[in-house]
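Indexing begins at 1, ligand by ligand and atom by atom, following the structure's order. Not measured: the values here are computed from a predicted model. Along the sequence shown, residues carry numbers from 1.
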Amino acid sequence: MTPDGALPPGSTIGVLGGGQLGRMIALAAAPLGLRTHIYAHHADEPAAQVAAAVTTGEWTDEAALARFADAVDVVTYEFENVPAATAAFLAARKPVRPGPLALEKTQDRLVEKDFLNALGIPTAPYAAVENAGALARHIGQIGRPSILKTRRFGYDGKGQFLLREGSDVGAAFRALGGAPCILEGFVPFEREISVIGARGLDGAFAAFDVCENEHENHILAVTRAPARMAPETAARAFDICHRILDALDYVGVIAVEMFLVAETGADGARREKVVVNEIAPRVHNSGHWTIEGAETSQFQQHVRAICGWPLGAPKIRGAVEMRNLIGDQADRWREIAAEPGAHLHLYGKAEARPGRKMGHVTRVFLPSTR
Ligand code: AMP
């Protein structure tokens, strides 16, 4: 380590998780002369294919975790459901960045919403639901439509039930397996947006342009940047991200997913507000556009932050569009590879199951060509 706490080139970043996010972290670390060591369940996962070293093990395998910790200089993760005990075990041995507090506040939707509301950051109205009786009571207050979500382990719309007029409340609770849930009021959003921000070891803040996200079947399909919104609204979105990062004493890249709500007042003026949906304490699919679309990619930004390096410039290069290649959409690789200006990324996954993120393609429309 250098006197200012930076990890010099030649250092090794340990990444918990072997998916495409870890793969793109490893690919971004290499040009800076940094190595990556992946902790994954299998030796052939996407990240393991491009890293200097791999340790395989379960999250509870303390012997494997100790070997991994001995071999790395800093630990990060590409997956927010790292068990708290695993994070604590590693944090006792090596710096874990972002720290365990970020995991604690974002693994449970109720804890996350309480955290945001304590900071005065707007969210959907919500209530904790422990049983079907409580659900019926809270629907009375929050109204319909509303969404019942499991508090933990939900992603890509899994673990969610939309309650419309007439939906059977008991069936909703049973559909989610009786797990502890949260009921959220439905936010009548115009667009879904996200802010990918970063905080350095020295507390410096940088954020990429706000981007807008389109989902298909609950899975991110397209991200476009910059988002169409008033500059003042974008400034508020950045401020929210900044406050979250400071409150978590965060080091690394974060994604804050938000709803953009627009209303036209009686005077005919358009008013926009942002409501936070959820936080991902890691690099994020809606930030993949930054690889070619910004001066620094979210992956390199994350590497810079967790290694105590200066943050890079987040400046956008033009209008950018990123499309995920889901399932058999990746079969079009030859056609995309032949398209000038299309930046193809494939994640090295052997099997293209429906709904599986196999790769993405980014197109940057430079200001001079539009
Ligand atoms: P989540 O897993 O919480 O990100 O939810 C998945 C998707 O469901 C979001 O991207 C939204 O499209 C939709 N959604 C979730 N929560 C709400 C809400 N409170 N109001 C409106 N739409 C929501």
Show me which atoms of ligand 1 lie under 4.0 Å from any heavy atom of Gln160.
1 (P), 2 (O), 3 (O), 5 (O), 6 (C), 8 (O)
Counting heavy atoms only, which of Glu214, Glu184, Glu192 is nearest atom 11 (C) of ligand 1?
Glu192
Considering distance alone, does some N or O of Ile147 sit under 3.5 Å from an N or O of ligand 1?
no
Any N or O on His218 sitting closer than 3.5 Å to an N or O of ligand 1?
no
Listed once per pair and sorted, the salt bridge (charged side-chain N to carboxylate O under 4.0 Å, His left out) pairs that draw on residues 70-97, sequence neighbours left out:
Glu80-Arg282
Is a salt bridge present between Arg151 and Glu130, judged by a nitrogen-to-oxygen distance below 4.0 Å?
yes
Taking atom CZ of Arg270 as the centre, does the number of heavy atoms from other residues, nucleotides or ligands within less than 6.0 Å exceed 12?
yes
Please determine whether any non-hydrogen atom of Gly185 lies less than 4.0 Å from an atom of ligand 1.
yes
Would you call Glu212 and Arg228 a salt bridge, using N to O less than 4.0 angstrom?
yes
Is the shortest N/O to N/O distance between Glu257 and ligand 1 below 3.5 Å?
no
Only one of Lys357, His360, Lys349 passes side chain to side chain donor-acceptor pair (under 3.5 Å) with Gln20, and that residue is Lys349
Might you confirm whether atom CZ of Arg35 has over 12 heavy atoms from other residues, nucleotides or ligands at distances under 6.0 Å?
no
Output yes when the distance from some N or O of ligand 1 to some N or O of Val187 is under 3.5 Å, and no in every other case.
yes
